[in-house]
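Each residue takes its place number in the sequence, starting with 1.
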Amino acid sequence: MRTLWRQARVATLDDGPDAAPGGWIERGALVTDGERIAWVGDEAALPAGLQVDAEHALGGALLTPGLVDAHTHLVYGGHRAREFERRLQGASYEEIARAGGGILSTVAATRAADDAQLLALAEARARALQAEGVTTLEIKSGYGLSAEHEARCLRVARRLGERLPLTVRTTCLSAHALPPEFAGRPDDYLDAAIAWLPALQAEGLVDAVDAFCERIAFTPAQTRRVFEAAQRLGLPVKLHAEQLSDQGGAALAAEFGALSCDHLEHLSPAGVAAMAAAGTVAVLLPGAYYFLRETQQPPVAALRAAGVPIALATDHNPGSSPTLSPLLMLNMACTLFRLTPQEALAGMTCHGARALGLADRGRLRAGLRADLAVWSLEHPSELCYAFGQRPAVRVVQGGVERAP
């Protein structure tokens, strides 16, 4: 089906040589043909004799690529509101984790939930993200931490992509924390987790492999073992890196050509240089930074100067970023990290797609996937400016419109 979208203010995010900043087209139009974009440009330049099956006049609304949430932990049971109270009373995230709370409390709740419960909870969360223009998201495992429960969580994530008009990329994060049955035996646990990977891959459950390289999780040497296992299977890697301390994880991940390194508050100049050389995307997670009341900001100026692509994501999870608002993340990225509105939107479109290894979306360009969002706004900067609102009025995923 060929559809014309006209009378739009279009932010293509296309960086072609003749494009305006942000790919801005003041009086734009776009044609979709099935799942793909067939044409985009100034409405006055629409091809003569163009024939379409449907036409939508947008009345000057803003048209952008669909948003890409490149880092979420959407499948889990329970919540951690009591830990939030403890942090308000002075306990640190690290102290709570070392006392047996944190990730392990979510592991217990996730293992106790059945598949139907996990799916219902995750679907409600995914629909909330969709309501703010998300058309592609990543979901990590890491709250099962056993062969049985990691597979369950990844299957639920896959089912979400089948049930909803949403592209779901799955990432195996078995190296997230040490489960209680392996207490004091991290290397034995990694032996087990590495042994699960081939079966998970054979079942089609894994698009990438991630790890948490941190003082409260796994060392760089242990993370290397995980990456080497992924490399043997031909799976790309990502890393939770330099969130609470500088472990040199970003440089390690870059050595393996990582798609992304995420968090990065304590990223060193050497880590920045390694990521730039490898083409690794920096995924900033302002929700976790805010929620944990961190004070060390990621080195945005150094990342800019080195040409490292900067993506943004919600990092939705129950312990450190329980948000379901990608638009709030755009605002926080500007107010907390001093990204420009143009950088923030690119971070949740083209650079978010790159962080997932997806070259077919995140920009509005002929031949790319027809993932679009229509907003009751006049300019992209308004997406970053007014938080707490839901201005998405139409969302198109793979050429098919759905209500936001």
Side-chain angles (χ1 to χ4, degrees), residues 8-11 13 22 58 61-75 121-139 157 160-161 163-169 283-288 290-291 311-318 321-337 339 341-353 355-356 358 361-364 369-398 400-404:
R9 293 180 169 93
V10 183
L13 280 297
L58 299 181
L62 175 66
L63 177 64
T64 73
L67 300 187
V68 179
D69 194 349
H71 183 132
T72 84
H73 304 253
L74 221 63
V75 178
L121 291 168
E123 182 171 335
R125 296 167 189 143
R127 289 188 182 278
L129 295 174
Q130 286 181 301
E132 291 201 358
V134 171
T135 54
T136 298
L137 61 82
E138 182 230 33
I139 298 177
L160 273 183
R163 289 169 63 94
L164 301 178
L166 185 68
T167 299
V168 173
R169 302 290 285 180
V283 181
L284 305 187
L285 305 171
Y290 163 81
F291 196 74
L312 299 174
T314 63
D315 188 21
H316 175 82
N317 74 81
S321 188
T323 182
L324 288 166
S325 177
L327 298 186
L328 179 58
M329 299 303 97
L330 295 181
N331 177 273
M332 284 185 171
C334 295
T335 57
L336 299 178
F337 297 160
L339 266 65
Q342 184 176 318
E343 286 174 325
L345 182 56
M348 222 166 224
T349 52
C350 54
H351 295 327
L356 297 180
L358 298 173
R361 68 199 69 198
R363 304 181 193 271
L364 302 182
R369 184 175 170 83
D371 286 359
L372 323 170
V374 179
W375 312 88
S376 58
L377 304 170
E378 295 183 355
H379 193 272
S381 62
E382 295 178 68
L383 287 168
C384 305
Y385 157 71
F387 57 91
Q389 303 180 31
R390 284 194 167 172
V393 292
R394 309 176 90 146
V395 181
V396 177
Q397 204 265 353
V400 178
E401 184 179 4
R402 58 171 174 75

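Taking every heavy atom of both residues into account, Ala61 and Val374 meet most closely at CB-CG1, 3.8 Å. Contact record, Ala131 with Ala392: O-CB, 3.7 Å, taken as the closest heavy-atom pair. The two residues Ala70 and Gly352 have their closest heavy-atom pair at CB-O, 3.6 Å. For the pair Pro65 and Ala11, the tightest heavy-atom approach, listed with the atom from each and the gap, is CD-O, 3.3 Å. Closest of all the heavy-atom pairs between Ala344 and Cys384 is CB-SG, 3.9 Å. The shortest non-hydrogen separation linking Ala157 to Val168 is O-CG1, 3.5 Å.
In this structure Phe337 satisfies the ring pair (Phe, Tyr, Trp, His ring centres under 6.0 Å) test together with Tyr289, sequence neighbours excluded. Applying the side chain to side chain donor-acceptor pair (under 3.5 Å) test to Arg169 and every residue at least two apart in sequence or in another chain returns nothing.
We find the CD1-CG distance between Ile139 and Leu74 to be 4.5 Å, quoted to the nearest 0.5 Å. We find the CZ-CG distance between Arg125 and Leu160 to be 10.0 Å, quoted to the nearest 0.5 Å. Distance CG/Leu336 to CG/Leu284: 11.0 Å, rounded to 0.5 Å. Note that CE of Met329 and CE of Met348 are 7.5 Å apart. Values are rounded to the nearest 0.5 Å. Between the CD atom in Glu382 and the CG atom in Leu345 there is a gap of 12.5 Å [rounded to 0.5 Å]. Once rounded to the nearest 0.5 Å, the distance linking NE2 of His316 with CG of Leu285 reads 13.5 Å.
Side-chain atoms of Asn331 never come within 3.5 Å of backbone atoms of Phe387 as a donor-acceptor pair (strictly under, hydrogens ignored). Between the side chain of Arg363 and the backbone N or O of Leu13, at least one donor-acceptor pair lies under 3.5 Å. Put simply, the side chain of Gln130 gets close to the backbone of Pro165: a donor and an acceptor are under 3.5 Å apart. Listed for the Thr72 side chain is a donor-acceptor partner under 3.5 Å among the backbone atoms of Glu138.
Sorted by first and then second residue, the side chain to side chain donor-acceptor pair (under 3.5 Å) pairs involving residues 61-71 (not counting sequence neighbours) are Thr64-Trp375, Asp69-Thr314, His71-His73, His71-His240, His71-Asp262, His71-Asp315.
A 4.5 Å side-chain heavy-atom check between Val396 and Asp371 finds every atom pair outside the cut-off. Looking at Val68 and Val134, their side chains never come closer than 4.5 Å, going by heavy atoms from C-beta outward. Annotation: side chain of Leu67 is not in contact with side chain of Thr135 (no heavy-atom distance under 4.5 Å). Side-chain contact between Glu132 and Ser325 is present, with at least one heavy-atom pair separated by less than 4.5 Å. Under the 4.5 Å side-chain criterion, counting only non-hydrogen atoms from C-beta, Leu166 is not in contact with Thr136. No side-chain heavy atom of Val283 sits less than 4.5 Å from a side-chain heavy atom of Leu312. Looking only at side-chain heavy atoms (C-beta outward), Asn317 and Pro322 stay at 4.5 Å or farther from each other. Side-chain contact check for Leu63 versus Arg9: every heavy-atom pair is 4.5 Å or farther apart.
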Chi angles and distances behind the side chain to side chain contact (heavy atoms under 4.5 Å, CB included) call for Val395, Leu372: CA-CA 6 Å; Val395 181; Leu372 323 170; over 6 Å; no
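Judged purely by distance below 3.5 Å, without hydrogens or angles, the side chains of Thr349 and Arg361 never pair a donor atom with an acceptor atom.
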